[in-house]
Amino acid sequence: MISYILKRIISAVPTLLGVFLAVFFAVRMIPGDPAEVMLGANATQEQIDIYRESHGLNRSVGEQLVIALKGFATGDLGTSVSYSRPVSEMIGTALPSTIELALVGVVISSVIAVGLGVLAAAKRGRWPDILINILSTVGMSLPTFYIGLWVLTIFASKLGIIPVISNRPDIPHYKTLIGPVITMVLGLTLVRTTRSSMLEIMEEDFIRTAKAKGVSRKSILFRHALGNALIPIITMIGYNLASAMAGAIVLETVFVRNGIGKLLIDAITVRDYPMIQGTALVIAALMIAANILTDIIVALTDPRIRVTGES
Amino acid sequence: MAENKMLRIKDLRVVFPVGGKQIHAVNGVSVDLAPGEALGVIGESGCGKSVTFSSVLKLIQSPPAMISGDIELNGRSIMDLPEKEMQKIRGKEVSMIFQEPMRCLNPVEKIGVQIAESLRLHEGMTMKQALNRAVELLKMVEMPDAEQRIGCYPHQLSGGLRQRAMIAIALACSPKLLIADEPTTALDVTIQSQIIRLIQKLRKETGMGIVFISHDMGVVASLVDRIAVFYAGQIVEQGNTRDIFRNPLHPYTAGLIKCIPRLDTESRRLYTIRGSTPNLTTIPEGCCFAPRCPYATETCRTVKPEQTAFPGGRSCACHHAASLN
């Protein structure tokens with residue numbers, strides 16, 4: 001198991017390098033010169049030249065790549081062009097709030113979605129199933145930013161429960177979580193996976209065995225069926241956690257909440273190359289970490305993987 | 001005699017609506033079982049034998065299935081019993097074991113926990129008591145290293161051991177009746193005979209009644225007192241094992257017996273019954289075996305044969321039973 005985890009971590013390095021290179025070239029293809037964007041339309045050529053030189057932008061792309069790769073190898077993500085502070089320090093400040101959002105959001109939305117999925121499977125073909133199916137189809141079809149805007153409209157403008165802009169210091173921290181979490185819940189991503197896994201398992205022979213033992217319907221549903229359906233469900237939750245790290249870009253922008261996603265979007269706006277590279281790299285690393293974590297949890301949950309051979 | 005039956009099935013009919021058609025899986029089956037008696041149920045795949053005896057535990061979802069007739073356990077009809085009452089009967093009064101031991105055990109729970117579940121449900125034991133009892137049960141089904149095996153998951157055991165674990169689950173609460181639905185079909189021949197010997201031994205020890213469902217005449221021969229032969233959702237012949245083997249009344253039974261490979265005869269080809277089982281979407285007018293029967297006459301094709309009693313508690317549904325005898 002430990003050697004497997006190590007292998008996964010080592011194999012993540014080339015992936016991260018690939019992401020880093022892709023982002024390095026992609027940002028340089030965005031139209032607009034960082035110096036001009038930063039200094040504004042009224043900057044003189046002299047100012048622009050000084051700015052470029054101080055940030056190493058006057059060097060060739062090849063030289064910039066070498067510097068960036070050296071940074072990648074040593075873990076130095078460089079200095080933010082727009083904030084003039086080390087990128088790693090900025091990310092370090094923003095990261096906890098993004099991870100917090102992803103974890104809280106994924107946990108709450110998973111619990112609700114699994115509950116609805118089990119209910120739909122138990123009431124298969126009847127009105128609760130049909131209703132849940134319609135809701136989850138709508139939730140999954142609508143883009144996150146669209147749901148987010150509706151959540152803002154209803155909960156912030158109409159009801160005034162949550163702030164429209166979350167990164168003001170006077171707002172209690174928990175309130176900044178409510179809007180994004182509601183948005184994640186309304187996505188209802190897990191409902192269908194849960195329902196179909198449950199229905200599949202309910203057809204298995206061991207469910208009939210449980211029934212023949214005199215096990216109650218409730219216990220069959222939650223212990224025998226959900227106990228087995230949990231394996232594909234956990235896999236999906238892990239996938240959701242990984243995509244929540246990237247999804248933070250949208251949620252943090254819509255709800256104006258500080259975090260690594262907002263850092264990335266702001267950096268793109270001002271062409272802050274090192275910051276874009278750094279945040280993209282960290283988001284990719286988080287996704288990989290979430291995937292590895294999922295595989296480990298699945299392996300621990302499923303005795304067919306965890307325990308091999310006769311004891 | 002009527003009071004002395006632990007299981008009585010009367011004119012059971014089970015119809016499955018499938019895609020606009022109706023499958024008549026069981027067409028008026030009547031059979032009963034005295035306490036401690038062992039009944040062999042023989043028939044080809046899809047002849048309604050599993051459906052009939054799954055109905056005893058109400059394991060058939062209804063609706064969609066339409067079930068009529070009557071099933072009595074110890075004189076009490078279960079047809080209108082609510083689900084809660086059925087849960088008390090399942091695994092306690094009547095237990096069932098199934099064909100595929102590979103797929104009939106919960107893959108994510110330890111064997112011990114799966115045995116303990118019945119004990120905790122029906123006997124009100126604590127987990128610890130139930131696990132101790134599980135070890136005893138595994139010893140009873142001759143599982144080697146029972147103490148260690150309760151901590152095993154199903155995938156760690158071989159097919160034969162899994163079937164032993166299945167039997168331990170079924171026998172956990174000392175049921176009065178065990179329904180064994182082709183318990184040896186998915187196993188190797190050597191393991192098959194081990195399991196049959198085990199069931200024989202357990203029957204002697206516990207005195208429970210057994211319904212042993214199989215498509216193999218040879219498998220049931222040594223195990224049961226009485227045999228019911230199913231064909232197309234009906235019982236075509238019933239009688240004592242010895243009588244049935246020595247002197248089958250129904251041409252189908254005779255055919256099945258001839259199908260058992262023998263080493264002591266000269267014939268080189270194995271016997272087969274020509275044709276195949278009828279489509280159960282329509283019930284034929286006459287005898288349902290007529291299209292495959294070498295003795296079929298015009299009467300067989302138009303008039304449905306009634307169950308007729310024969311000496312020695314036998315019965316047979318064939319127009320020619322007396323003359324073929």
Side-chain angles (χ1 to χ4, degrees), chain A residues 1 114 118 121-127 129 194 197-237 295-311, chain B residues 54 56-61 64 83-111 113-122 144-145 148-158 161 165-166 169-170 172-173 175 179 181:
Chain A
M1 190 74 187
V114 169
V118 171
K123 304 278 179 195
R124 181 186 196 175
R126 283 181 279 167
W127 70 263
D129 181 27
T194 307
S197 312
M198 285 291 288
L199 289 179
E200 204 177 298
I201 303 270
M202 289 297 279
E203 296 293 313
E204 294 278 351
D205 287 347
F206 63 81
I207 295 294
R208 184 184 54 183
T209 306
K211 204 176 167 194
K213 275 201 273 187
V215 178
S216 70
R217 199 174 143 67
K218 203 171 89 188
S219 179
I220 287 181
L221 207 59
F222 286 97
R223 178 168 161 188
H224 293 275
L226 190 58
N228 279 275
L230 227 45
I231 294 160
I233 291 171
I234 288 172
T235 313
M236 267 303 275
I237 293 177
D295 287 350
I296 294 170
I297 292 174
V298 167
L300 290 177
T301 323
D302 191 342
R304 283 162 295 187
I305 303 174
R306 172 166 41 102
V307 192
T308 46
E310 283 213 27
S311 70
Chain B
S54 297
V56 173
L57 283 178
K58 289 218 219 169
L59 293 181
I60 309 284
Q61 275 278 340
E83 180 64 18
K84 278 261 174 281
E85 290 296 308
M86 278 314 294
Q87 283 167 13
K88 288 183 199 159
I89 292 175
R90 295 182 189 130
K92 170 75 180 155
E93 282 182 47
V94 183
S95 276
M96 196 158 175
I97 56 177
F98 303 96
Q99 183 170 343
E100 292 266 358
M102 308 291 169
R103 305 183 49 205
C104 285
L105 292 166
N106 187 337
V108 302
E109 277 188 6
K110 289 176 183 167
I111 298 292
V113 175
Q114 298 193 47
I115 300 172
E117 188 175 25
S118 311
L119 292 164
R120 296 175 66 200
L121 270 172
H122 298 297
D145 309 319
Q148 283 82 52
R149 289 278 161 63
I150 58 162
C152 278
Y153 288 94
H155 72 274
Q156 293 172 276
L157 304 181
S158 65
L161 290 186
M166 247 335 277
I169 291 173
C173 303
I179 299 171
D181 189 355

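The chains referred to below are lettered A, B, ... by the order of the sequence lines, with proteins before strands, and numbering in each begins at 1.
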Q) Lys213(A) and side-chain contact (heavy atoms from CB on, under 4.5 Å): which partner among Ile115(B), Ile169(B), Leu119(B)? A) Ile169(B)

Q. If you measure from the Lys or Arg side-chain nitrogens to the Asp or Glu carboxylate oxygens, is any gap between Arg217(A) and Glu83(B) under 4.0 Å?
A. no

Q) Checking side-chain contact (heavy atoms from CB on, under 4.5 Å) for the pair Glu117(B)/Ser219(A): CA distance, chi angles, key distance, verdict? A) CA-CA 11 Å; Glu117(B) 188 175 25; Ser219(A) 179; 4.0 Å; yes

Q.
If we define contacts as heavy-atom pairs under 4.5 Å, which of Ile89(B), Ile97(B), Leu121(B) has the most with chain A?
A. Leu121(B)

Q.
Please classify the contact of Glu85(B) with chain A as side chain, backbone, both or neither, using a heavy-atom distance under 4.5 Å.
A. neither

Q: Give a yes or no answer on whether the side chain of Thr209(A) reaches the backbone of Cys104(B) with a donor-acceptor pair at less than 3.5 Å.
A: yes

Q) Of the non-hydrogen atoms in Val108(B) and Pro303(A), which two are nearest, and what is the gap between them? A) CA-CG, 3.5 Å

**Q.** Heavy-atom pairs under 4.5 Å with chain A, option from Asp145(B), Asn106(B), Leu57(B) with the top count
**A.** Asn106(B)

Q) Non-hydrogen atoms of chain B under 4.5 Å away: do they reach the side chain of Ile201(A), the backbone, both or neither? A) neither

Q: Could you tell me which portion of Met166(B) (side chain, backbone, both or neither) has an atom closer than 4.5 angstrom to a non-hydrogen atom of chain A?
A: side chain

Q. Taking the side chain as C-beta and beyond, is there a heavy-atom pair between Glu204(A) and Pro107(B) under 4.5 Å?
A. no

Q.
If you compare all heavy atoms of Met96(B) against all heavy atoms of Ala212(A), which two are closest, and at what distance to 0.1 Å?
A. CB-CB, 4.4 Å

Q: Under 4.5 Å heavy-atom distance to chain A, tell me which part of Lys58(B) shows up: side chain, backbone, both or neither.
A: backbone

(Q) Using a 4.5 angstrom heavy-atom cutoff, name the option from Glu100(B), Glu109(B), Lys110(B) with the most pairs to chain A. (A) Glu109(B)

Q: Could you tell me which portion of Leu105(B) (side chain, backbone, both or neither) has an atom closer than 4.5 angstrom to a non-hydrogen atom of chain A?
A: backbone

Q) In Å, rounded to the nearest 0.5 Å, how long is the span from CD1 of Ile207(A) to CG of Leu59(B)? A) 12.5 Å

